[in-house]
Visitor: 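Dropping the structure in here first, questions after.
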Amino acid sequence: VEKREPQPQDVAPGPAHLPRGRHGLPRELVAENQRERLIAGTIEAVSEHGFNETTIAAIVKAAGVSRPTLYVHFANKEACFAAAYEASFEYVRASMLAAAVRTEEWTERVRAGLAGLLAEFVADPDLARFFLTSPAGAGDEIAERHHEAMGNIVSALTAEAPRGAGEISPERAQILAGGISRLLERRLNAGEGGELRELLPALTELVVAAFLGTKKALALAGPG
Amino acid sequence: MELRRLGRDPALSGGATPAGRVRAARPERADPRGALGYPRPVAGKRVDLPIAPRGRHGLPADIVSAHQRQRLLAATTELVAERGYHGASIDQILKAARVGYVAFYELFPGKEECFIAAFEEIVAEAREEILDAVAADDPWPAQLCTALRTLLARIAAEPSDARLVLGEVHAAGPAALGRYEELLEEAAAALRAGRAYGKDPGRAAVSLEEANVGGVVWLLHQRLVGGRLEGVEDLFGELASVLLEPYVGAAKARKLISAAVPAEI
């Protein structure tokens, strides 16, 4: 799957440092750049240490900004995490939808969307660990937000299911989100980032089965 | 009762309870869902565990130590449920359990190991209850329904246990997470038995059961972090249909589930 052009709302993988000293750059531009670097730094630090073991020192080091600068933008670690989470969510969702939009047929769209998701996580394992693994240990508020966001991703992925497929309940959507997360996390934990792509048939089958039943899903998306 | 009041509670700071005798529940503990009140009865088993008298008492050391361990596990469960893994300190756990530092460190190297012991005990009790409830000669789908109903009832009855095993485990470090992974593997293996029952067992992706177990704990976790565990038994129908459908089809799954749920009205 080819990588799409980056969008302005994306998490920049590594925002560049601005020149030191007097540079005559507008204040807003500097602030924007600092904020982006802090978000990228949070993702890097948390994906390495986990939420609870991540310190403000680790975030500012990864971001390449000073500690006072961090506090200009965020009140505490939780606020850094929340901002980084929202940026990641927007980015992951947009990547998935951009990949899914290329095809018309529903099962193929689901497959393409999942492929886009996998490609993003393969390209950026830090982002994958941050987005999929860290929210569960980052407090109830973040965990709740993650459930809601993953439910949103599942709805976006499965929008316009064919007639006769019916709608799935919010609970069923959550079960699906949990199934997808579990398979991704297991591969990530095993340190097999590159092999995430191999999950595509199983994930497609899982999603299609939630709407059409396992038998039909196997016929449409199963092996062979 | 608030935890910080524990030290001043005359009922707790009073004399030791004679070993072997269970103290009667105090009236202010009548609300089982109230904030932390130690020692809170858990699953009707760790009822007000006796504390050895001070000084020379002639009680065998291993019995005293086993009681201390039980009190520590109960206190850990309650404190972690109330304050989160990182919010609960060893000091608070010791105070609530009425166990000293030396005794604690003779039993556990640290908080993480104490947490894992509490995790293991909760899981062992739940496993035992589920295995007791399941009739070995029932067909597989009926066994699954019984196991699921037993699990949900237990989660609704023991929200602190559920919070430790399904929630705080994510914050308690890699060793605890490893135990959690093993638990999910065990559940997935139990689900895989459905393949022997189903008519077209072999074709679904090998990861189906892992995904379905992941889906179940995910939904339970959502209820947990949203503070909505009390109605968790209502999820039985939705969960059972997801777990049974791959092996028996949607229509048969519906029949089995309505047979497993006593009809309302």
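Just so it is clear, the model here is predicted, and its values are computed rather than measured. Any value given below was found using the heavy atoms of this structure, including those in side chains, with hydrogens, waters and symmetry copies removed. A, B, ... follow the sequence lines: proteins, then strands. Residue 1 opens every chain.
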Visitor: So A:Ile175 and B:Val216, do their side chains get closer than 4.5 Å, heavy atoms only?
Guide: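 No, side chains not in contact.
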
Visitor: Pick from B:Ser207, B:Gly227, B:Ala211: which one has the most heavy-atom pairs with chain A under 4.5 Å?
Guide: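 Option with the greatest count: B:Ala211.
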
Visitor: State whether A:Glu171 and B:Arg223 are salt-bridged, where the test is any N-O pair (Lys NZ or Arg NE/NH1/NH2 against Asp/Glu carboxylate O) under 4.0 Å.
Guide: yes

Visitor: Side chain, backbone, both or neither: which part of A:Leu176 has an atom under 4.5 Å from a heavy atom of chain B?
Guide: neither

Visitor: A quick test of your reading: do over 12 heavy atoms of other residues, nucleotides or ligands sit less than 6.0 Å from CD of A:Glu141?
Guide: no

Visitor: Grab the two heavy atoms, one from A:Leu218 and one from B:Arg203, that are nearest each other, plus how far apart they are.
Guide: CD2-O, 3.5 Å

Visitor: Using a 4.5 angstrom heavy-atom cutoff, name the option from B:His170, B:Gln222, B:His86 with the most pairs to chain A.
Guide: B:Gln222

Visitor: Compare every heavy atom of A:Ala143 with every heavy atom of B:His221, then report the nearest pair and how far apart it is.
Guide: CE1-CB, 3.8 Å

Visitor: Would you mind reporting whether A:His146 and B:Trp218 have side-chain heavy atoms less than 4.5 Å apart?
Guide: yes

Visitor: Only pairs of heavy atoms separated by less than 4.5 Å count here; which of A:Pro201, A:Ala138, A:Ser169, A:Gly50 has the most with chain B?
Guide: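 Most heavy-atom pairs under 4.5 Å with chain B: A:Ser169.
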
Visitor: Hey, which of B:Leu219, B:Leu239, B:Leu177 has the most heavy atom pairs under 4.5 Å with chain A?
Guide: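 The option with the most such pairs is B:Leu219.
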
Visitor: Considering non-hydrogen atoms only, spot the tightest contact between A:Ala202 and B:Ala205 and give its length.
Guide: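 Minimum heavy-atom separation between A:Ala202 and B:Ala205: CB-CB, 3.8 Å.
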
Visitor: Would you indicate whether the side-chain heavy atoms of B:Arg163 and A:Asp140 approach each other to under 4.5 Å?
Guide: yes

Visitor: Pick one of side chain, backbone, both or neither for B:Leu235, based on which atoms fall under 4.5 Å of a heavy atom in chain A.
Guide: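 Answer is side chain: those atoms of B:Leu235 sit under 4.5 Å from chain A.
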
Visitor: Do A:Arg172 and B:Glu238 have side chains that approach each other closer than 4.5 Å (heavy atoms only, starting at C-beta)?
Guide: yes

Visitor: Indicate yes or no for a side-chain donor-acceptor contact from B:Glu245 to the backbone of A:Thr214 under 3.5 Å, with no hydrogens or angles considered.
Guide: yes

Visitor: Salt bridge check, B:Glu181 against A:Arg182: does any charged N sit closer than 4.0 Å to a carboxylate O?
Guide: yes

Visitor: Other residues, nucleotides and ligands only: do more than 12 of their heavy atoms fall within 6.0 Å of CZ on A:Arg129?
Guide: yes

Visitor: Under 4.5 Å heavy-atom distance to chain B, tell me which part of A:Glu53 shows up: side chain, backbone, both or neither.
Guide: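 The side chain, not the backbone.
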
